[in-house]
Amino acid sequence: MNRIVVIGAGQAGASLVAKLRSLGFAGQIALIGEEAVPPYQRPPLSKAYLLGEMTQERLFLRPESFYAEHQIDLHLGAPVESIDRGEQILRLGGKVFAYDALAFTTGSVPRHLPATIGGALPGVHVVRTLADADAMAPEFTSGRRVIIVGGGYIGLEAAAVAAKKGLHVTVLEMAPRILQRVAAPETSAAVHALHEGHGVRILFSTGLERIEGDTHVTGVRLSDGTHLDADFVIAGIGIMPATALAETAGLQVENGIKVDAQGRTSDQHIWAAGDCAAFPYRGTYLRLESVQNAIDQAELVAENMLGAAKDYDPVPWFWSDQYDMKLQIAGLNTGYDHVVVRQTDARSHWYFAGDKFLAVDALGDPRAFMVGKRLLEQRRSPDKAAIADPQTDLKALLRT
């Protein structure tokens with residue numbers, strides 16, 4: 001194998017090509033990205049970058065010189081036009097690239113509000129790319145009014161930034177509570193209280209009927225007929241795997257590009273990793289949207305491209321920065337029937353299905369996160385009473 005092409009120059013793509021070189025692969029590597037900038041970190045876009053605490057250069061995962069020094073051909077601002085799987089070539093900007101192995105690390109794309117309700121008006125923003133953040137940054141001026149549609153992590157992180165910069169913030173959430181899809185009521189309540197304490201207004205069970213304005217956003221009309229004035233709107237209504245190119249190429253796609261346990265798609269010469277990949281996990285197929293998954297899965301795919309034949313079996317973990325609190329999550333809470341609340345000088349919520357430990361939400365409690373993650377890696381379930389007892393030394397649970 002002499003030629004590897006990677007489509008998608010984000011966290012997963014950058015990790016994959018760097019791993020190939022570190023493993024000693026000496027053939028040709030091309031990394032292709034739609035954006036005109038080198039691979040960069042996405043999480044700070046809705047936090048430190050919007051706050052002005054991080055420069056663009058600090059966002060970059062590696063200096064652009066890294067790719068040249070490691071003989072990685074970086075093609076930026078260059079969407080792939082087509083893939084011919086039979087000939088094992090792809091077309092890009094009038095050029096033809098041949099490959100022996102191809103990897104999709106195309107990530108995900110944001111859901112947009114429908115144009116029919118004003119979603120295409122100037123002043124309506126999403127938070128996904130560097131260009132999105134740059135377009136939105138001038139809006140974050142003290143005293144302005146922002147409506148944020150969606151009470152998930154992205155929407156709430158944007159709300160925290162806006163509140164810290166002195167804006168009047170209203171969050172619209174169609175569900176009865178924020179974070180309903182991903183967190184227990186206990187976690188939702190704690191995060192809600194945090195935002196209320198910073199002056200953010202959250203409207204529950206509230207739908208958006210229309211964004212108002214002729215040439216720019218002026219306000220919104222809610223499903224109950226209420227009008228709210230607004231200077232701009234942020235849509236934080238989720239993301240979708242970027243699978244359009246894979247579908248056009250005829251790969252198997254089902255809530256992501258379907259791969260086997262080693263990251264190989266329905267075509268033996270094509271692989272996928274990161275947000276765009278749906279992989280087998282404990283009897284089902286799972287797609288993870290996290291930095292750590294993008295890194296770990298991409299590095300494993302790099303190994304498997306070179307013949308390692310390793311299966312991917314992660315312990316998922318995530319984080320979200322809101323104000324001065326870091327919410328850290330280890331595991332997946334799917335199927336939980338009980339939540340143990342641990343309250344010390346910090347707070348954590350431990351999810352169980354019967355006596356089986358599934359996940360932990362650690363709110364400003366890095367020790368609980370670390371211990372919970374280690375227990376999950378060891379496939380061990382701690383005693384519920386011990387977790388709830390604030391006198392319990394959590395680290396001791398790793399030794400029992």
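Just the heavy atoms: all of them, side chains too, but no hydrogens, waters or symmetry mates, feed the values below. On a predicted model such as this, the values are computed, not experimentally measured, just so you know.
Judged by distance alone, with hydrogens and angles left aside, the side-chain atoms of Thr265 form a donor-acceptor pair with the main-chain N or O of Ile270 at under 3.5 Å. In this structure, Asn333 contributes its side chain and Tyr336 its backbone to no donor-acceptor pair below 3.5 Å. Using modelled atom types, one side-chain atom of Thr392 and one backbone atom of Ala386 make a donor-acceptor pair closer than 3.5 Å. Between the side chain of Arg145 and the backbone N or O of Gly219, no donor-acceptor pair lies under 3.5 Å. The closest donor-acceptor contact from the side chain of Gln41 to the backbone of Arg58 lies under 3.5 Å. Using modelled atom types, no side-chain atom of Gln180 and backbone atom of Ala183 make a donor-acceptor pair closer than 3.5 Å. Using a distance-only test at 3.5 Å, with no hydrogens or angles considered, no donor-acceptor pair links the side chain of Thr243 to the main chain of Ala246. Between the Gln328 side chain and the Trp319 main chain, no donor and acceptor come within less than 3.5 Å of each other. For Asn2 (side chain) and Gly27 (main-chain N/O), no donor-acceptor pair under 3.5 Å exists by modelled atom type. A donor-acceptor contact shorter than 3.5 Å links the side chain of Arg21 to the backbone of Phe25.
For Thr141, the side-chain contact (heavy atoms from CB on, under 4.5 Å) test picks out Arg144, with sequence neighbours left out. With sequence neighbours left out, Phe60 forms a ring pair (Phe, Tyr, Trp, His ring centres under 6.0 Å) with no residue at all. Partners of Thr218 by side-chain hydrogen bond (donor to acceptor under 3.5 Å, both in side chains), not counting sequence neighbours: none found. Every residue two or more places apart in sequence or in another chain that forms a side-chain hydrogen bond (donor to acceptor under 3.5 Å, both in side chains) with Arg177 is listed here: Ser188. Take Tyr285 and apply the ring pair (Phe, Tyr, Trp, His ring centres under 6.0 Å) test, not counting sequence neighbours, and it matches no residue. With sequence neighbours excluded, the residues that form a ring pair (Phe, Tyr, Trp, His ring centres under 6.0 Å) with His70 are Phe66. Here Phe357 pairs with Trp350, Phe352 under the ring pair (Phe, Tyr, Trp, His ring centres under 6.0 Å) rule; sequence neighbours left out. The side-chain hydrogen bond (donor to acceptor under 3.5 Å, both in side chains) search around Asp260 returns none, not counting sequence neighbours. Residues satisfying the side-chain hydrogen bond (donor to acceptor under 3.5 Å, both in side chains) test with Asp321, not counting sequence neighbours, are Lys326.
Interatomic distance, CG of Leu286 versus OG1 of Thr334, reported as 8.0 Å (0.5 Å rounding). Atoms CD1 and CG, from Ile211 and Leu228 in turn, are 12.0 Å apart once rounded to the nearest 0.5 Å. To the nearest 0.5 angstrom, Met370 atom CE is 8.5 Å from Leu394 atom CG. Atom CD of Glu209 is separated from atom OG1 of Thr206 by 12.5 Å, given to the nearest 0.5 angstrom. Thr106 OG1 to Asp275 CG: the interatomic distance, rounded to the nearest 0.5 Å, is 9.0 Å. Here CD of Glu53 is found 5.5 Å from NZ of Lys164. Values are rounded to the nearest 0.5 Å.
A salt bridge does not link Glu81 with Arg91: none of the charged nitrogens is closer than 4.0 Å to a carboxylate oxygen. A salt bridge is absent between Arg347 and Asp361; no separation between the charged side-chain nitrogens and carboxylate oxygens falls under 4.0 Å. Salt bridge annotation for Asp73-Lys95: absent, with no cationic side-chain nitrogen under 4.0 angstrom from a carboxylate oxygen. Of the charged side-chain nitrogens involved, none lies within less than 4.0 Å of a carboxylate oxygen, so that Glu212 and Arg210 do not count as a salt-bridged pair. Under the 4.0 Å criterion applied to side-chain N and carboxylate O atoms, Arg128 and Glu34 are not assigned as salt-bridge partners.
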#### Entry: side chain to side chain donor-acceptor pair (under 3.5 Å) assessment of Ser46 paired with Glu157
CA-CA 6 Å; Ser46 59; Glu157 288 169 2; 2.9 Å; yes
### Task
Tell me, with the steps shown, if Asp224 and Thr226 meet side chain to side chain donor-acceptor pair (under 3.5 Å).
CA-CA 6 Å; Asp224 63 2; Thr226 302; 2.8 Å; yes
### Task
Just do the side chain to side chain donor-acceptor pair (under 3.5 Å) check on Arg367 and Ser348 with the steps written out, would you?
CA-CA 10 Å; Arg367 176 173 298 210; Ser348 57; over 6 Å; no
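When side chains are defined from C-beta on, His125 does not count as touching Val233, because their heavy atoms never get closer than 4.5 Å. Residues Val169 and His195 fail the side-chain proximity criterion, which asks for heavy atoms closer than 4.5 Å. Val360 places none of its side-chain heavy atoms less than 4.5 Å from the side chain of Arg342. A 4.5 Å side-chain heavy-atom check between Ile32 and Leu90 finds at least one atom pair inside the cut-off. Using a 4.5 Å heavy-atom cutoff, the side chains of Thr129 and Arg42 are in contact. Side-chain contact check for Leu59 versus Pro44: some heavy-atom pair is nearer than 4.5 Å. Looking at heavy atoms from C-beta onward, Ser320 lies out of side-chain contact with Leu156 at the 4.5 angstrom threshold. The closest side-chain heavy-atom distance from Trp317 to Leu376 is not below 4.5 Å.
Put simply, Met136 and Ile147 are part of two different groups of oily side chains (I, L, V, M, F, W, Y) that touch within less than 4.5 Å, one to the next. Linking Ile, Leu, Val, Met, Phe, Trp and Tyr residues whenever their side-chain heavy atoms come within less than 4.5 Å leaves Met1 and Phe97 in two separate clusters. Tracing side-chain contacts under 4.5 Å through hydrophobic residues (I, L, V, M, F, W, Y), one reaches Leu306 starting from Leu16; they form part of the same cluster. The cluster map of Ile, Leu, Val, Met, Phe, Trp and Tyr, joined by side-chain heavy atoms under 4.5 Å apart, puts Val291 and Val6 in different clusters. Ile154 and Leu45 are members of different hydrophobic clusters when ILVMFWY side chains are connected at heavy-atom separations under 4.5 Å.
Residues Ala242 and Cys276 approach most closely at O-CB, 4.1 Å, considering heavy atoms. Listed here is the closest heavy atom pair of Ile83 and Ala249: CB-CB, 4.2 Å. The minimum heavy-atom distance linking Leu50 with Ala133 is given by the pair CD2-O, 4.0 Å.
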Identify all side-chain donor-acceptor contacts of residues 111-121 below 3.5 Å with residues at least two apart in sequence or on another chain.
none

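Summarising the local packing, CG of Asp355 is surrounded by 12 or fewer heavy atoms from other residues, nucleotides or ligands at distances under 6.0 Å. By the 6.0 Å contact criterion, CD on Gln378 is enclosed, its count of non-hydrogen atoms from other residues, nucleotides or ligands being greater than 12. Shown here is Glu254, whose CD atom has no more than 12 heavy atoms of other residues, nucleotides or ligands within 6.0 Å. Residue-environment remark: CZ (Arg379) stays at or below the threshold of 12 foreign heavy atoms within 6.0 Å.
Judged as a side-chain hydrogen bond (donor to acceptor under 3.5 Å, both in side chains), the pairs with a partner in residues 96-105 (not counting sequence neighbours) are, in order, Arg3-Asp100. Among residue pairs with one or both ends in residues 134-190, those qualifying as ring-ring contact (aromatic ring centres under 6.0 Å, His included) are Phe140-Phe232; sequence neighbours excluded.
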